Amino acid sequence: IVHMAQEIKDKSEKDYQEVYNAIAVKLREEDEFDGYIGYGPVLTRLAWHSSGTWDKNNNTGGSFGGTYQFQKESNDPSNKGLHNGAEFLAPIHKQFPWLSHGDLYTLGGVVAIQELQGPVIPWRPGRVDLPEDMTPDNGRLPDAVYGADYVRNFFKRLDLNDQEVVALMGAHCLGRTHLQNTGFDGPWGAASNTFTNEFFLNLLNENWKLEKNEAKNMQWNSPKGYMMLPTDHALIEDDKYMAYVKLYATNNDKFFEDFAKAFKKLLEGGITFPQSTPTYRFETLDSQGL
Ligand code: HEM
Ligand SMILES: Cc1nc2ccc(F)cn2c1N
């Protein structure tokens, strides 16, 4: 299957910056969601899950067709809780009906990372809505209970290497786990809505204890009330992953640079863009003085 992005002839950078700003203003205004964490983390997870269904071996799934809009995909147990992100974006789709669902879900993640003070994520438009029968089957997203070998093997399907996987996992600096969504809980106290390299610093500096949680799942907890999934903790159990954890813990610029590249690659998996498609680097609200 070839997913050829469409050439968008009648929309300019200004039009897409307008969509970015509409999402960013709504994000700034609706700050009470999830205990004042806001919508940034769940929008980030929605962009990742709508892209993470891609299978490089047959080029099915991925962000191109916007199939998260169909219940077959949004009801995937792996997607529990993401309806909050989709409902947040629904009025944006109404305001800009010319934007495809695939472009909407991925742009939502770009706005979230940038407005939470993360790196600029270069982004290209042109994803085309596919019919419901092209929705990939459930079960293509990763489980949280396994170790490094599972994580490494899983991300091969998304064409992502060790360095890209560790960089991407840094997004677990944002938001939190919710017992009723995934059977994991915490961190307790304030979860973060600012994009930093703290995920790596916490992995290296906290005193982690493997404990069974209220849903009978094992997770790693620290005396400060932080938590990590088994797949998070796997990054300091494996020498190759550990090298990148240390790199990003000590070099925030390198983390930002590598995260931006890997997140763009994740959001564009399986898509062929025409040579003429521009790559947009959007301004944040702050940098526009808005
Ligand atoms: C081995 C791979 C991964 C696993 C097993 C995993 C698992 C999870 C789980 C269990 C949650 C909690 C969801 C909830 O209970 O509401 C979560 C949240 C989150 N994940 Fe991941 N994740 C993985 C990779 C990623 C990647 C690659 C990104 C983005 C680049 C990401 C971004 C997020 C964000 C931002 C949240 C917080 C969502 C919120 O606060 O509502 N994750 N993840
Ligand atoms: C702060 C924080 N945010 C997340 C998101 C997902 C996850 F699995 C763990 N997280 C932790 N510790």
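Just so you know, ligand 1 is whichever comes first in the structure, and atom 1 is the first atom listed for that ligand. Keep in mind that what you see is a predicted model, and the values were worked out from it rather than measured.
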Exercise. Taking the six-membered ring for Trp, is the centroid-to-centroid distance between Tyr20 and Tyr280 below 6.0 Å?
Worked result: no
Problem set entry | Close N or O approach (Lys80, ligand 1; < 3.5 Å) | no
Exercise. Which residue holds the protein heavy atom closest to atom 8 (F) of ligand 2, what is that atom called, and what is the gap in Å?
Worked result: Leu229 CD1, 2.9 Å
Exercise. In terms of ring plane angle, is the pair Tyr16 and Trp98 parallel, tilted or perpendicular, where the classes change at 30° and 60°?
Worked result: perpendicular
Exercise. Around Lys56, counting heavy atoms of other residues, nucleotides and ligands shown, do more than 12 lie under 6.0 Å from its NZ?
Worked result: yes
Seminar exercise, completed: for atom 29 (C) of ligand 1, nearest protein heavy atom and its distance come out as Ala171 CB, 3.5 Å
Exercise. Which one of Pro41, Ala262, Ser51 has a non-hydrogen atom at the shortest distance from atom 38 (C) of ligand 1?
Worked result: Pro41
Problem set entry | Working for ring pair (Phe, Tyr, Trp, His ring centres under 6.0 Å), residues Trp123 and Phe273 | CA-CA 11 Å; Trp123 180 83; Phe273 289 89; 8.8 Å; no
Problem set entry | Nearest candidate to atom 5 (C) of ligand 2, where distance is taken over non-hydrogen atoms, out of Thr44, Thr177, Leu174, Leu203 | Leu174
Problem set entry | Protein heavy-atom partner closest to atom 7 (C) of ligand 1 - residue, atom, separation in Å | Leu229 CD1, 3.5 Å
For this session: Starting from the C-alpha separation in whole Å, work towards a yes-or-no answer on side chain to side chain donor-acceptor pair (under 3.5 Å) for Glu73 and Asn79.
Result: CA-CA 8 Å; Glu73 183 169 331; Asn79 285 333; 5.0 Å; no
Problem set entry | atom 40 (O) of ligand 1: nearest protein contact (heavy atom, Å) | Arg176 N, 2.9 Å
Problem set entry | Shortest non-hydrogen contact from Gly61 toward Pro136 | CA-CG, 4.0 Å
For this session: Report the C-alpha separation of Phe255 and Phe195 in whole Å, then their side-chain angles, then the decisive distance to 0.1 Å, and conclude whether the ring pair (Phe, Tyr, Trp, His ring centres under 6.0 Å) test is met.
Result: CA-CA 11 Å; Phe255 167 50; Phe195 193 86; 5.4 Å; yes
Exercise. Under 3.5 Å between some N or O of ligand 1 and some N or O of Asn181?
Worked result: yes
Problem set entry | Sub-3.5 Å N/O-N/O distance, His178 and ligand 1 | yes
Exercise. Which ligand 1 atoms, with their elements, are less than 4.0 angstrom from a heavy-atom of Ala144?
Worked result: 5 (C)
Exercise. Got a donor-acceptor contact below 3.5 angstrom from the Gln163 side chain to the Tyr244 backbone?
Worked result: no
For this session: Check whether any N or O atom of His172, backbone or side chain, sits under 3.5 Å from an N or O atom of ligand 1, and answer yes or no.
Result: yes
Exercise. Among the heavy atoms of Gly81, does any lie under 4.0 Å from an atom of ligand 1?
Worked result: no
Problem set entry | Region of Thr231 that comes within reach of ligand 1 [heavy atoms, distance under 4.0 Å] | side chain
Seminar exercise, completed: Ranked by distance from atom 9 (C) of ligand 1, the top protein heavy atom is Arg45 NH2, 3.7 Å
For this session: State the atoms of ligand 1, each with its element, that fall below the 4.0 Å cut-off from a heavy-atom position in Asp143.
Result: 5 (C)
Seminar exercise, completed: Candidates Met169, Gln219, Gln180; heavy atom nearest atom 24 (C) of ligand 1 found on Met169
Exercise. Hey, looking at atom 1 (C) of ligand 2, which of Ser192, Ala190, Gly175 has the closest heavy atom?
Worked result: Gly175
Problem set entry | Within the 6.0 Å centroid threshold, strictly below: Phe33 and Phe88 | no
For this session: Could you tell me the residue and atom name of the protein heavy atom closest to atom 2 (C) of ligand 1, and the distance to it rounded to 0.1 Å?
Result: Pro142 CG, 3.6 Å
Exercise. For Asp76 and His49, what are the C-alpha separation, side-chain angles and deciding distance, and is it a side chain to side chain donor-acceptor pair (under 3.5 Å)?
Worked result: CA-CA 10 Å; Asp76 182 337; His49 273 205; over 6 Å; no
Exercise. Considering only heavy atoms of Leu174, which atoms of ligand 1 have at least one such atom less than 4.0 Å away?
Worked result: 37 (C)
Exercise. Checking Arg45 side chain against Gly85 main chain: does a donor-acceptor pair fall under 3.5 Å?
Worked result: no
Seminar exercise, completed: Closest to atom 2 (C) of ligand 2 among protein heavy atoms sits His172 O, 3.0 Å
Exercise. Any sub-3.5 Å donor-acceptor pair from Asp103's side-chain atoms to Arg127's backbone N or O?
Worked result: yes
Exercise. For atom 31 (C) of ligand 1, which protein heavy atom lies nearest, and how many Å away is it?
Worked result: Trp48 CD1, 3.4 Å
Problem set entry | Contact atoms of ligand 1, heavy-atom distance to Gly175 under 4.0 Å | 40 (O)
Exercise. Does an N or O from Thr182, backbone or side chain, lie closer than 3.5 Å to an N or O of ligand 1?
Worked result: yes
For this session: Check each heavy atom of Leu179 against ligand 1 and say whether those closer than 4.0 Å belong to the side chain, the backbone, both or neither.
Result: neither
For this session: Inspect the surroundings of CG in Asn57 and state if more than 12 heavy atoms from other residues, nucleotides or ligands are less than 6.0 Å away.
Result: yes
Problem set entry | Ser222 side, atom OG; Trp188 side, atom CH2 - distance, nearest 0.5 Å | 8.5 Å
Problem set entry | cation_pi(Arg152, Tyr241) dist<6.0 Å, angle<=45 | yes
For this session: Number the atoms of ligand 1 from 1 as they appear, then name those within less than 4.0 Å of a heavy atom of Thr177, with their elements.
Result: 12 (C), 14 (C), 15 (O)
Exercise. Side chain, backbone, both or neither: which part of Met227 has a heavy atom under 4.0 Å from ligand 2?
Worked result: both
Problem set entry | Per-atom contacts, ligand 2 versus Asp232 - under 4.0 Å to a heavy atom | 8 (F), 9 (C)
Problem set entry | CD1 on Ile92 to CG on Leu107, rounded to 0.5 Å | 9.5 Å
